[in-house]
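The block underneath contains the structure these notes are about, expressed in structure tokens.
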Amino acid sequence: MRIVIAPDKFAGTLSAVEAAEAVAEGWRSVDPGAQTRLLPLSDGGPGFVEVLHTALGGTLHEAQVTGPLGAPVPARYLVSGATAYIESAQACGLHLVPGDRRDPGRTTSRGVGELIARAVADGARSVVVGLGGSSTNDGGAGMLAALGAEPAEALSCGGAALGRLPGAVGLDAAREAVHGVSLVAATDVDNPLLGLHGASAVFGPQKGADDDQVQRLDAALAAFAEATDPGGLRDAPGAGAAGGLGYGMLLVGGAVESGIARVLGAVGLAEDVSAADLVITGEGSFDTQSLRGKLPHGVARAAADQGVPCVVLAGAVGVGRQEAAAAGIAETYSLVESAGSTEAAMSRSAEELRKLAADVARRWSGARTGAAGAAGDSSAE
Ligand SMILES: Nc1ncnc2c1ncn2[C@@H]1O[C@H](COP(=O)(O)OP(=O)(O)OP(=O)(O)O)[C@@H](O)[C@H]1O
Ligand SMILES: O=C(O)[C@H](O)CO
């Protein structure tokens with residue numbers, strides 16, 4: 001059997017690469033002759049550089065940049081040909097901020113700008129920045145400051161300060177720093193910068209903001225938008241990704257693209273799917289959100305387009321059989337159910353995923369050869 005294994009990360013327990021490897025190992029333990037094609041994926045958030053490196057090869061460059069709270073953090077970016085791939089979460093990700101220090105009023109995207117500057121200095125003609133999983137809400141102001149925007153200090157100290165900037169914002173030097181470079185924001189969401197569906201309201205709470213702070217952060221971003229762009233960039237889809245980093249990139253001539261589309265294109269999913277008998281995708285929590293354009297949904301659509309069955313192996317499954325079927329998903333399998341508890345699924349995630357994949361292999365390879373245990377005779381609901 002030819003299997004394409006294309007999962008997202010299981011946030012908090014397995015990277016996409018680890019998840020894909022565990023599924024492949026589990027499958028091959030039952031069906032050693034299977035041809036497994038591993039295509040770990042990312043939507044632009046954490047894992048972006050690792051999955052593109054797996055798919056494209058290229059060279060990883062190490063850097064030390066300003067982290068979300070100001071202290072330096074290590075970050076790796078990928079260079080493949082004349083294109084550099086940067087993962088904003090490596091410089092300002094939520095995972096870099098301990099739970100008791102989360103404060104989207106203070107965290108900065110400055111390190112992202114440092115990575116862009118470094119890639120451009122290395123000679124990149126195209127810079128693709130994955131956006132998502134951030135701890136910030138600074139409209140990309142810190143990133144712009146690292147590229148030369150003024151007043152640098154006030155722009156670098158987080159989203160709260162944007163409501164009281166000491167003077168006009170100067171963007172010329174930042175624009176000049178990326179002049180002639182194709183700059184792409186590969187975003188995990190298409191939210192605008194401001195308002196009910198904006199960065200602060202939708203993603204502020206997961207970064208530690210309460211209702212009052214959400215209001216203040218939204219007002220501060222609105223003031224920043226007034227000071228930087230009289231046009232409609234604030235309303236552009238994706239401007240609100242990564243705490244408004246999408247907006248900041250638009251200000252210096254960047255283009256917004258779907259991170260999922262960028263990654264699926266880069267890894268050549270459609271081509272591999274066309275030669276497959278089964279596609280396996282997955283993520284930590286497969287819920288109704290997942291069916292609104294998240295990675296497993298994109299993979300399922302690619303499989304459905306080619307008439308290839310697709311199954312989901314997820315940490316937890318919160319989608320019913322009918323909803324899944326409507327999205328082109330033949331079966332869903334839950335690690336929590338197969339491991340017996342959330343605790344077991346989370347603490348022994350790789351091992352439990354291998355076991356679950358072996359079980360799925362028994363069902364699906366058995367079904368193909370007409371053996372007992374037809375595919376899909378049991379699944380998590
Ligand atoms: N091994 C696991 N077993 C059971 N549940 C898991 C496991 N790993 C992660 N999870 C659950 O999945 C959640 C994370 O979901 P997921 O990996 O889909 O990412 P997310 O935070 O929803 O981000 P994204 O928007 O990128 O999908 C965790 O909070 C946890 O509840
Ligand atoms: O980083 C964030 O704010 C979310 O992942 C949306 O982009």
Side-chain angles (χ1 to χ4, degrees), residues 7-16 18-19 22 41-48 68 87-89 91-97 104 107 109 112 129-140 159 185-193 197-209 217 221 237-247 256 258-260 263 281-298 312-319 333-356 380:
D8 195 356
K9 68 191 180 307
F10 286 44
T13 59
L14 295 168
S15 73
E18 290 167 339
L41 299 172
S42 157
D43 58 11
F48 185 67
E87 178 180 317
S88 60
C92 65
L94 191 57
H95 65 284
L96 299 172
V97 184
T107 41
S109 61
V112 181
V129 185
L131 268 57
S134 73
S135 61
T136 45
N137 203 85
D138 72 349
T187 66
D188 67 335
V189 296
D190 59 6
N191 298 65
L193 182 66
H197 303 291
S200 317
V202 179
F203 303 105
Q206 75 195 31
K207 303 174 188 181
L217 288 171
L221 282 181
L245 186 55
Y247 174 76
V256 168
S258 147
I260 292 176
V263 170
T281 185
E283 65 178 339
S285 176
F286 185 66
D287 48 30
T288 46
Q289 276 281 335
S290 311
L291 296 179
R292 296 208 185 92
K294 294 237 201 155
L295 259 173
H297 186 236
V312 169
L313 273 62
V317 174
V319 170
Y333 300 92
S334 154
L335 214 50
V336 169
E337 286 205 6
S338 64
S341 71
T342 302
E343 205 277 325
M346 303 271 297
S347 62
R348 299 191 302 266
S349 45
E351 183 190 334
E352 293 297 341
L353 187 54
R354 274 194 293 274
K355 280 201 249 168
L356 179 58

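Keep in mind that this is a model prediction, so the values were computed, not measured. Whatever order the structure lists them in is the order used to number ligands and atoms, beginning at 1.
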- Please confirm whether V189 comes under 4.0 Å of ligand 2, counting heavy atoms of the residue only. yes
- Message: Using heavy atoms and a 4.0 Å limit, tell me yes or no: is A242 in contact with ligand 2?
- Response: yes
- ligand 1 versus K9, non-hydrogen atoms closer than 4.0 Å: side chain, backbone, both, neither? both
- Message: So, regarding D188 and ligand 2 (criterion: nitrogen or oxygen to nitrogen or oxygen, under 3.5 Å), is there a contact or not?
- Response: yes
- Item | For A345, atoms of ligand 1 separated by under 4.0 Å from a heavy atom | 1 (N), 2 (C), 3 (N), 4 (C)
- Query: Counting only heavy atoms, which portion of D43 has something under 4.0 Å from ligand 1: side chain, backbone, both, or neither?
  - Reply: side chain
- So which of M346, R348, E337 gets nearest to atom 5 (N) of ligand 1, if we judge by its closest heavy atom? M346
- Just going by heavy-atom distances, which of Q289, K294, Q206 is nearest to atom 22 (O) of ligand 1? K294
- Mark up the atoms of ligand 1 that fall under 4.0 Å of a heavy atom belonging to E283, in ascending order. 18 (O), 27 (O)
- Query: Would L335 count as a contact of ligand 1 if the rule is a heavy atom under 4.0 Å away?
  - Reply: yes
- Item | Ligand-residue contact atoms, ligand 1 with S349, heavy atoms, under 4.0 Å | 1 (N)
- For atom 26 (O) of ligand 1, decide whether some protein heavy-atom distance is shorter than 4.0 Å. yes
- Establish, from distance only, whether the side-chain atoms of K207 and T136 form a donor-acceptor pair under 3.5 Å. no
- V336 heavy atoms, cut-off 4.0 Å: which ligand 1 atoms fall inside? 4 (C)
- Is atom 31 (O) of ligand 1 close to the protein, meaning a heavy atom under 4.0 Å from it? no
